[in-house]
Amino acid sequence: MLPRPPSHLLPWRCLLLLLLTLTMACTSNGVSATAKANHKAKAPAAAPKPAGFGYRLVSLVQRPNGGGLVGLLQVKRRSSTFGPDIPRLRLFVKHETKDRVRVQVTDAEKQRWEVPYDLLPREPSPPLGVATDGHGAPFTAGEYPGQDLVFTYGRDPFWFAVHRRSTRQPLFNTSGAPLVFKDQYLEVSTRLPGDAALYGLGENTQPGGIKLRPNDPYTLYTTDASAINLNTDLYGSHPVYVDLRNLAGRGVAHAVLLLNSNGMDVFYTGTSLTYKVIGGLLDFYFFAGPTPLAVVDQYTSMIGRPAPMPYWAFGFHQCRWGYHNLSVVEDVVENYRNAQIPLDVIWNDDDHMDARKDFTLSPVNYPRPKLLAFLDKIHKRGMKYIVLIDPGINVNDTYGVYQRGMQRDIFIKLDGQPYLAQVWPGPVYFPDFINPNGASWWIDEVRRFHELVPVDGLWIDMNEASNFCTGKCTIPTTHRCPDPTSKEPWLCCLDCKNITNTRWDEPPYKINASGKTARLGFNTIATSAVHYNGILEYNAHSLYGFSQAIATHKGLQSIQGKRPFILTRSTFVGSGAYAAHWTGDNKGTWEDLRYSISTMLNFGIFGMPMVGADICGFYPAKPPPLEELCSRWIELGAFYPFSRDHANFASARQELYQWESVARSARNALGMRYRMLPYLYTLNYQAHLTGAPVARPLFFSFPDFAPCYGVSNQFLLGAGVMVSPVLEQGASSVDAVFPPGTWYNLFDTSKAVVSTGSGAAVRLPAPLNEVNVHVHQGTVLPLQRGGTISRDARATPFTLVVAFPLGAADADAEGAVYVDDDERPAMVLAEGQATYARFHAAVRGGKEVTVRSDVAMGSYVMHKGLVIERITVLGLHGAGRDLAIRVDGADDDATAVATSSPYFLAADAQVMHQGEEDAVEGEKRGVTMEVGGLELPLGKSFTMTWNMHIEA
């Protein structure tokens, strides 16, 4: 919900009164206001006081055994702006891997707050005192090289820079502005080339697209501000950016992480980037790349690889805040089934709860016996059930969850008492997940709830943490809180007062919180509240959702023994190792439809590839343009990694079967998604191994293609499938950018686009119920027949789509598929548990075609009986003949094994070359060829050959 204006902002009437008073004062004593204004105009404006004057390096030593550099910095000149300077700083530099260097600056004498190592495991930095303990040899060289990156520095004033060793290309250089380091204000700047393309620094809704725009605000501080608020700090904090530069036609990327959980403003001008942070330390990590995929590989190797997701999580999900009783949920499930629209997971918002209390069931609306019978029914079909839980625990002496929490003393405190807040159930306390007892208490409550209801996953919401009130509050004695008759339960009903007497609640530097320099404690936990071991909320605020996700992950994994599925709203660096994310409370508008792509792509960069937006919008638009918008949104949302329709109770019903036109779009788009499930699941495996995003910006596969650097209305799934959705009302076509090569329409592979890479857009037809999805040359794409539930779809035979360049004489294509028992917690390639098949296709001389597979750990899919029934080859001329197939383990003289009655089919193509006006016109030539009637076991390596024959 939208935050209210901060109470410290003066209303306009007060400003008017103040202006009137000043005017009267200026005209008193016979002196006119105009005369005084003219006199004042002649006086020079006072220059703003600098925040600091920098430091000088007084010593630098190299620690033995690769321990890095440790230095001592001394402040050059003191400044009182935003508080006194910390006089002495400790510098630590280490090449932690061949492609990663760490640069840390902190107080040389006092331990400062940093992200706890038990939350985000990483290499420790040296203890304080190392800079002056005499260990290590003096370091006098001007450079400190690693294998890929080089650290350089200046002594007086101190500055540092990082550049590539191979090309000496500067990546980060602080010499343009002084380093400022105070207790509650840290400032450092880097120069940037004007043509650098930057991405990241979230979470926020970026109206300008995925590429960062100079002079837009970038504030990082986890906040319950709806995603409809543009350029505002939202639910997550990810102080990392990717820098992509096109150097002589070659795209080169690197990334920079400032590992700091305190609130910060980041100012990007186009030629510089400045951090202004209100606490902690400066802990920079530089990742060398040089490709975008290498960057996320290096980044996630440090912060944690993305969590493996169960197979069913890639099915379609339906939720609504307002399924007020179980019969409504049952009707929704049956309507999807009758409409033949795929549905894997049904969700409850808080409607299932008893008075909105966590870990409870409403005995009236969701009676346990009926709910268990419903779950037994859908589980037998292969469907799943997920419910929401919020972190706030209702203050209620009859509530067992609250009682056990009080007994274990696990709530965040203010002035020695549990901090009182308000969310949906009314007065609440917030558990402290940093507290080991708090985490174990939560794990136990998850276990107890799972014994009550065998849910298949958990949705953790409101965990920024969100609070309907602000400040220090008490339960009122003069009125009920909450008021059961209120139609606005999100309004604060506690008795509260602002906290203004601490430097934590009123820091000297005000970040642009909530887009308007709101108080840090506005609608959240007071920043002077205290966590376990004296940790201030001021420091740990943005870690709250992250720490809850870790505890929830442990809870689900320990009780189910299965791969957990957790959806979280608030995130931090490393959250992707435990949970998926949705982009929060959006709105049913065409603008929100468009914005969703950039946010989704950003989270792939952040190491959270399982991400999607609320399809059709959470908040209702006025007037609601829902039918056409929902058609277009499911055409896009069917290709989000996480695909869910979710609406607010005030919205019109928007399940996909509500309109026949939307149902047609859903059957079409989700039908393709369910055919692509093996591909999406394989991308999930690759993400878990390397961090590679499931949904990616175009520049991930085409970093040399500069025209795609700012493309935010299209995206890739994996390396070679491109989605180009309609994002405008009333449109029947879409202008799409095609990187170089041949692209085949996946819904109709006889349609192709050949791009020269000029960057000019191609206009594609896009009738209301159709979405453009293309596969790129060089790809072998594994598909299955599909279905309406993923469990059934994954048991069907495979088709391999082999995409060659149009008319290629010599070309190759590659792909892979990973199949496992997705209930196992670990996603590992092990005999009997998983199979990985690599596919390679080649054409030589425009005639000889080979398709082969190399299978690792094939016994799992052999046991499942999975087979390849068809191979579709795109881009070749002529018809196939002289088919020969050999499968590992077959008799030596067998030339056609594991087939029923193989056959060839060929079809003409409609080919469009870049620059043509109409994609359905253009030359027609044979391009699609099918080898069908196969029964190739997926679990055995095979080789298939044939010749292409062109009739005279």
Side-chain angles (χ1 to χ4, degrees), residues 48 50-57 69 71 73 76 89 91 93 95 99-105 142-146 148-181 185-201 211-220 239-248 250-260 264-277 281-290 292 295 706 709-710:
F53 298 96
Y55 288 76
R56 61 186 178 89
L57 180 66
L69 303 180
L73 307 178
K76 287 175 64 66
L89 303 177
L91 169 70
V93 184
H95 293 281
D99 44 35
R100 181 176 83 226
V101 63
R102 180 183 188 183
V103 180
Q104 185 191 78
V105 180
E143 296 186 345
Y144 180 53
D148 289 350
L149 298 175
V150 179
F151 171 84
T152 60
Y153 61 96
R155 289 184 173 269
D156 191 1
F158 170 75
W159 57 265
F160 75 88
V162 175
H163 67 255
R164 293 190 188 280
R165 185 169 185 169
S166 59
T167 63
R168 300 195 68 82
Q169 177 198 15
L171 309 185
F172 198 88
N173 188 321
T174 70
S175 63
L179 169 67
V180 181
F181 205 116
Y185 183 80
L186 287 62
E187 181 180 327
V188 65
S189 298
T190 179
R191 296 171 175 170
L192 290 170
D195 58 352
L198 268 59
Y199 312 87
L201 295 178
K211 186 177 173 183
L212 300 187
R213 295 193 305 192
N215 303 315
D216 273 2
Y218 298 99
T219 299
L220 281 66
V240 61
Y241 69 86
V242 172
D243 181 331
L244 177 62
R245 306 174 190 178
N246 194 281
L247 305 176
R250 178 170 174 256
V252 181
H254 69 275
V256 179
L257 166 68
L258 172 56
L259 186 58
N260 185 302
M264 68 180 76
D265 288 330
V266 184
F267 296 89
Y268 170 51
T269 67
T271 57
S272 69
L273 188 142
T274 300
Y275 299 89
K276 296 185 178 183
V277 193
L281 44 74
L282 297 176
D283 202 358
F284 284 103
Y285 292 81
F286 300 91
F287 305 90
V295 163
Y709 286 7

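- Pairing each heavy atom of P178 with each of G52, the nearest pair is CG-O, 3.7 Å.
- Between atom CG of residue L281 and atom CD of residue Q104 there is a gap of 5.0 Å, rounded to the nearest 0.5 Å.
- Counted by atom type alone, D265 and T219 present one or more donor-acceptor pairs between their side chains at under 3.5 Å.
- For F284 and F172, the distance between ring centers is under 6.0 angstrom.
- Aromatic rings of Y144 and H95 (six-membered ring for Trp) have centroids within the 6.0 Å cut-off, being under it.
- Residue L57 holds its CG atom at 7.0 Å from OH of Y153, rounded to the nearest 0.5 Å.
- For the pair K276 and F267, the cation sits on the ring face: its NZ or CZ lies under 6.0 Å from the ring centre, inside 45° of the axis.
- Across A197 and K211, no two heavy atoms sit closer than the pair CB-CE, 3.8 Å.
- A 4.5 Å side-chain heavy-atom check between V252 and P290 finds at least one atom pair inside the cut-off.
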>> Test side chain to side chain contact (heavy atoms under 4.5 Å, CB included) on H254 and F286; report intermediate values, then the result.
In response: CA-CA 7 Å; H254 69 275; F286 300 91; 5.6 Å; no
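- Between the T190 side chain and the N173 main chain, a donor and an acceptor come within less than 3.5 Å of each other.
- Of the N and O atoms on the side chains of N246 and Y709, at least one donor lies less than 3.5 Å from an acceptor on the other residue.
- Salt bridge R165/E143: absent, no basic N to carboxylate O contact under 4.0 Å.
- Atoms CG and CG, on L73 and L91 in that order, are 5.5 Å from each other to the nearest 0.5 Å.
- With sequence neighbours left out, D148 forms a side-chain hydrogen bond (donor to acceptor under 3.5 Å, both in side chains) with no residue at all.
- Nearest heavy-atom pair across L247 and Q169 is CD1-NE2, 3.4 Å.
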